[in-house]
Amino acid sequence: MSSRMAGAALLRHLGPRLFAAEPVSGLAGRGLVPVAARILPARMSSTAAKEAAAPEQEQQHGGSAEKPTAADGQEKTGIVSYWGIQPPKLVKEDGTEWRWFCFRPWDAYRADTSIDVKKHHEPRALPDKLALPDKLAYWLVKSLVVPKQLFFQRRHASHALLLETVAAVPGMVGGMLLHLRSLRRFEHSGGWIRALLEEAENERMHLMTFLEVAQPKWWERALVLAAQGVYFNAYFVAYLASPKFAHRFVGYLEEEAVHSYSEYLKDLEAGIIENTPAPAIAIDYWRLPADARLKDVVAVVRADEAHHRDVNHFASDIHYQGMKLKDTPAPLGYH
């Protein structure tokens, strides 16, 4: 009885709405359209009415009803924020609109290409009790050079793509671990968190630049996935076990990166590789001249790698002296 009573009550409630007669013809006369209109009123409403009501709703919520326009004059879809968050429109010194979302004008800088690119940290002699981490880091990096040369040979742009996907890992791992240490120990970092994250971001911008020079093939992308997966976890464990070894390893890795870019420059100067115009992203990021070439880009990237080399060898030396990074001011903005 209870089921019948519930069914009867439901029929009494919905019957007048579903089966009311209306003087319409066709499908509407058979009750299909009125029924659908009553059940799904929002779906059956006019799209024109929605468009007319949209500006009022956006104004009530603090959003902007303006549609952004692309550089070629065509409309492009923009995200109107319910929360009133609107990125500022930025312009360059010549008055043109800033086109990059991956970095902003205040992130751009002029690279110091006068740095000594031939500087090398000699591993300590074996009788020294502190020599083992140095020797291990040095020979580990040297063991990676042989397969690199066999695999990439003179394909410098492809090698740069793989190199930068790996080189951007240590700064992020080190910055993350120092960040967590600072939180759990309630202590300052001496600026080293920011310095290491700056290094990671700078290496990532190298990758964004070389993506404009050479597009990776599917097997190169697969190699990047494998290399990054192995390297991130291995470096994470190494940094937890011995920061002085981890920074020394990166220092030697950056020395090899400097050498690789030096070889890249030699081939560009010899005409083996075409010295094409510099990518637009590189011109804005390093504030290069408008007529800069690929050779200029490789030169500033090599200078950045040399600065990263110095920073990581410096960090390792701090640990070798029995101190912590927070006890020595970090070289912020050194790259």
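Using a 4.0 Å cut-off between charged side-chain N and carboxylate O, Lys89 and Glu97 make no salt bridge. Here Glu201 pairs with Arg204 in a salt bridge; the nearest charged N to carboxylate O distance falls below 4.0 Å. Salt bridge Arg309/Glu305: absent, no basic N to carboxylate O contact under 4.0 Å.
Taking CD1 of Ile281 as the start and CZ of Phe103 as the end, the distance is 5.5 Å to the nearest 0.5 Å.
Judged by distance alone, the side chains of Asp304 and Tyr109 do bring a donor and an acceptor atom under 3.5 Å apart. Using modelled atom types and a 3.5 Å distance limit, the side chains of His259 and Glu256 yield no donor-acceptor pair. Under 3.5 Å, the side chains of Trp286 and Asp296 contain no donor-acceptor pair of N or O atoms. For the residue pair Glu263 and His156, no side-chain donor N or O sits within less than 3.5 Å of a side-chain acceptor on the partner.
When ring centroids are compared, Tyr252 and Trp139 stay outside the 6.0 Å threshold.
Between Leu196 and Gly174, the closest heavy-atom pair is CD1-C, 3.7 Å.
Proximity of Asp134 to His121: side-chain heavy atoms (C-beta onward) are separated by under 4.5 Å at one or more points. The shortest side-chain heavy-atom distance between Leu240 and Leu177 falls under the 4.5 Å cut-off. Under the 4.5 Å side-chain criterion, counting only non-hydrogen atoms from C-beta, Val224 is not in contact with Pro216. A 4.5 Å side-chain heavy-atom check between Ile318 and Trp192 finds at least one atom pair inside the cut-off. Between Phe236 and Met176 there is a side-chain heavy-atom pair separated by less than 4.5 Å. With a 4.5 Å cut-off on side-chain heavy atoms, Val297 and Tyr264 do not count as touching. Side chains of His313 and Glu254 form no contact here, defined as non-hydrogen atoms less than 4.5 Å apart.
Taking the six-membered ring where the residue is Trp, Tyr239 and His247 present perpendicular rings, their angle passing 60° and hence far from 30°.
For the side chain to side chain contact (heavy atoms under 4.5 Å, CB included) with His308, the qualifying choice from Asn202, Val250, Leu253 is Asn202, the only one to do so.
By the 6.0 Å contact criterion, CZ on Arg99 is open, its count of non-hydrogen atoms from other residues, nucleotides or ligands being 12 or less.
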